[in-house]
Amino acid sequence: MFSRAGAWCAATMRGVDEADKRGAASAAGEVEEIGIREARARLADLVERAGTGQPVVLRRRGPYRNAAALLPIQAVVVWQVHLAARDAERERRAQETALGERLPIGSRVAVCPLCRSSFMHVVFTGPVVIALVNTADPAAGVQAVVADTDVTASEQVAFVRCASCWEPMNERPREHGSPAYRAAVAIAQEASWADVPWETREAYVVREEDMGRASRIVLAHDLARGKLRRVTRWEWLTGITDDEREQLRRELDDDA
């Protein structure tokens, strides 16, 4: 429902964090939050306020309930752009996870002899740093490229290493990792790079918040094959799993 003075922009916001619950700050101060009943009684006034650039957040009681915002009509466009960008990012992340979860099937797939990962980094000389390929999914071609900021064209293969454990693969036949080397290079050289997402960042990172597309795909791969698992902050700090902590609590209760 739109008016010349303002616009009613309703949006489902499940799982909002505490900062969102308190409301975002505006130039004139904190955004006012009111209940649904009060909003019904003051609707005409609130619409007029929205038209002057004073947004209001409407909330229902209880955590994670649907919320709505009464915004200036210009803000609706901004909100729609935000939603579109959020949906596009979710779609990209879902695609990365799906690519990473393609696991090798059977013994004929060339994998890293050390950690059994099928993801390889094909490293080129020249400006291109890394092309990410999966020997278990040749049809997917090159799945991501990490490149220098001054990108022109790749030259020749410098070396190949496992994308999961960073173990070097040897080029010569019957040497350590040579099947994976040949399979990875064949994919990188035969695939079209035209529509591959390129990124300029550090290629070898371990912090998830620092990862780009290539690293996130490999992370999804290692999670899917059980080589990595997510842990709570408590477990990361102490080395004690949640199950072990609960067991310790039960033992203390029994001793008491």
Side-chain angles (χ1 to χ4, degrees), residues 90-126 128-148 154-193 195-232 235-236 239 241:
R90 288 177 177 174
E91 184 177 348
R92 284 193 296 270
R93 293 299 179 93
Q95 181 195 46
E96 292 166 0
T97 300
L99 288 171
E101 291 177 348
R102 293 291 299 274
L103 303 180
I105 300 175
S107 59
R108 299 181 64 86
V109 177
V111 297
C112 171
L114 186 64
C115 74
R116 314 304 296 174
S117 172
S118 59
F119 271 94
M120 299 291 147
H121 283 158
V122 182
V123 183
F124 289 83
T125 60
V128 176
V129 179
I130 286 173
L132 181 69
V133 302
N134 184 0
T135 57
D137 190 14
V142 177
Q143 299 183 17
V145 177
V146 183
D148 196 334
S154 61
E155 296 181 4
Q156 61 184 5
V157 176
F159 58 89
V160 175
R161 64 170 40 144
C162 174
S164 296
C165 69
W166 306 346
E167 178 77 2
M169 303 292 110
N170 288 306
E171 179 180 3
R172 295 180 179 177
R174 294 186 295 277
E175 288 190 351
H176 182 81
S178 60
Y181 181 102
R182 294 194 301 272
V185 170
I187 295 172
Q189 291 182 336
E190 294 173 8
S192 171
W193 294 36
D195 299 323
V196 180
W198 289 58
E199 55 187 354
T200 54
R201 61 173 62 245
E202 171 61 41
Y204 300 102
V205 295
V206 295
R207 288 164 52 93
E208 188 171 0
E209 55 267 32
D210 297 332
M211 291 181 176
R213 172 185 169 87
S215 298
R216 288 194 298 266
I217 292 175
V218 176
L219 173 62
H221 181 66
D222 292 338
L223 288 171
R225 63 196 186 97
K227 289 295 183 180
L228 294 178
R229 64 183 182 87
R230 298 186 184 278
V231 299
T232 62
E235 184 175 351
W236 181 72
T241 66

Check: [Y] main-chain N/O paired with [X] side-chain donor or acceptor under 3.5 Å:
X: T135; Y: A110; result: yes
X: W193; Y: A188; result: yes
X: R216; Y: T97; result: no
X: S178; Y: N170; result: no

Heavy atoms, side chains only, cut-off 4.5 Å: are [X] and [Y] in contact?
X: V196; Y: Q143; answer: no
X: F119; Y: I217; answer: yes
X: Y181; Y: V157; answer: yes
X: V231; Y: T241; answer: no

Nearest heavy atoms of [X] and [Y], plus distance in Å:
X: G141; Y: A191; value: CA-CB, 3.8 Å
X: C115; Y: R225; value: O-NH1, 2.7 Å
X: V145; Y: V142; value: CG2-CG1, 3.8 Å
X: E101; Y: A224; value: CG-CB, 3.8 Å
X: P104; Y: V109; value: CB-CG1, 3.8 Å
X: C165; Y: L114; value: SG-CD2, 4.0 Å

Can you tell me how far apart CD (E208) and CG (L219) are? Round to the nearest 0.5 Å.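 It comes to 5.0 Å.
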
Inter-residue atom distance E167.CD - M120.CE, 0.5 Å rounding: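 The distance works out to 10.0 Å.
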
Holding to salt bridge (Lys or Arg N to Asp or Glu O under 4.0 Å), I want the full list of residues that pass it with E91, two or more places apart in sequence or in another chain. none

Please walk me through it: do W198 and V146 pass side chain to side chain contact (heavy atoms under 4.5 Å, CB included)? CA-CA 6 Å; W198 289 58; V146 183; over 6 Å; no

Note: [X]-[Y] ion pair, threshold 4.0 Å (strictly below):
X: R230; Y: E235; value: no
X: R102; Y: D137; value: yes
X: E199; Y: R213; value: no

Checking side chain to side chain contact (heavy atoms under 4.5 Å, CB included) for the pair H221/L99: CA distance, chi angles, key distance, verdict? CA-CA 8 Å; H221 181 66; L99 288 171; over 6 Å; no

Before giving the answer on side chain to side chain contact (heavy atoms under 4.5 Å, CB included), spell out for C162 and M169 the whole-Å C-alpha distance, their side-chain angles and the decisive distance to 0.1 Å. CA-CA 7 Å; C162 174; M169 303 292 110; 4.2 Å; yes

Pair H121, L132 - check side chain to side chain contact (heavy atoms under 4.5 Å, CB included), show working. CA-CA 5 Å; H121 283 158; L132 181 69; 3.7 Å; yes

Go through it in stages, so that I can follow the logic: the residues are Y204 and R161, the test is side chain to side chain donor-acceptor pair (under 3.5 Å), and I'd like the CA-CA distance, side-chain angles, deciding distance and then a yes or no. CA-CA 12 Å; Y204 300 102; R161 64 170 40 144; 3.2 Å; yes

CG of D195: more than 12 outside heavy atoms within 6.0 angstrom?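 No - once you tally the heavy atoms of other residues, nucleotides and ligands closer than 6.0 Å, there are 12 at most.
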
